[in-house]
Amino acid sequence: MTSDTLMKIYNQLLALRENLPQEKHISRKYVDHYNSLVSQLEVENNYSLSDFKVPESVLEYTSGISRRSGFEGFGEKKCERGLLLMKLDAILLQFRSNEEKPQMGFLPPKK
C-alpha cells in the first residue's frame, strides 16, 4: 500500500468522524461509506479487518408498525451513532498504534 493511499483513507475516516450527524441513529449511507473504506484497507493490506466493520446484523429499523405478530419495520435500516463512533475510533486508533510502537514489558531500573 502506498503511503498516499493510506493517507487518503485515513483522512476520509477522520472527515467521516468529524462530520457524522448528531442524531441517535445514523443513515445507512454513512455506514456503507465507512465499511467501504475499511474494505479498501483490507484489499491494500491483504489483511482481514472484519472486526472493524459494522455488521448488517446491528442495523435496525427506526420506523415501523407494531402488530400482534410483532414489529414490522419499514424504510431504511440505521445504525446507532455510538456503535459507529466506536468502530471509527477503533480503526483510527489502529493507525496511531502502528505509528507509536509502544514498549512491551518492564524497563530495567536506571542506575
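Source: prediction; values computed, not measured.
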Asp89 vs Arg17 side-chain heavy atoms within contact, under 4.5 Å = yes
**Side-chain touch Val38/Val54, heavy atoms, less than 4.5 angstrom** =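 Val38 vs Val54: side chains apart.
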Minimal heavy-atom distance between Leu37 and Ile9, with the atoms involved, is O-CG2, 4.0 Å
Only distances under 3.5 Å count here; give the side-chain donor-acceptor pairs of residues 18-26 to other protein atoms, sequence neighbours excluded, each with its distance to 0.1 Å.
from, atom 1, to, atom 2, distance (Å)
Asn19, ND2, Ala15, O, 2.7
His25, NE2, Glu60, OE2, 3.3

Rounded to the nearest 0.5 Å, what separates atom [atom1] in [X] from atom [atom2] in [Y]?
{"X": "Leu14", "Y": "Met7", "atom1": "CG", "atom2": "CE", "answer": "9.5 Å"}
{"X": "Leu49", "Y": "Gln94", "atom1": "CG", "atom2": "CD", "answer": "7.5 Å"}
{"X": "Arg81", "Y": "Ser27", "atom1": "CZ", "atom2": "OG", "answer": "13.5 Å"}
{"X": "Ile91", "Y": "Tyr10", "atom1": "CD1", "atom2": "OH", "answer": "11.5 Å"}
{"X": "Phe95", "Y": "Leu13", "atom1": "CZ", "atom2": "CG", "answer": "5.5 Å"}
{"X": "Leu16", "Y": "Tyr34", "atom1": "CG", "atom2": "OH", "answer": "9.0 Å"}

task: Under the side chain to side chain contact (heavy atoms under 4.5 Å, CB included) rule, what do Lys8 and Thr5 come out as? Steps first, then yes or no, please.
output: CA-CA 5 Å; Lys8 286 177 186 176; Thr5 303; 5.7 Å; no
Do Val31 and Tyr61 land in one hydrophobic cluster if side-chain heavy atoms of ILVMFWY residues count as linked below 4.5 Å?
no
message: Side chains of Ser39 and Lys53 only: does a donor on one sit below 3.5 Å from an acceptor on the other?
response: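 Short answer, yes.
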Is a donor on one side and an acceptor on the other found under 3.5 Å between the side chain of Glu76 and the backbone of Arg28? yes
| Under the salt bridge (charged side-chain N to carboxylate O under 4.0 Å, His left out) criterion, do Asp51 and Lys87 qualify, and how do the steps go? | CA-CA 9 Å; Asp51 290 343; Lys87 295 285 188 175; over 6 Å; no
*asked:* Tell me if the CG atom of Asn46 is crowded by more than 12 foreign heavy atoms within 6.0 Å.
replied: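 No, because the 6.0 Å sphere around CG of Asn46 holds 12 heavy atoms or fewer from other groups.
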- prompt: Is the number of heavy atoms from other residues, nucleotides or ligands within 6.0 Å of OH (Tyr47) greater than 12?
  reply: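 Not more than 12 within 6.0 Å, no.
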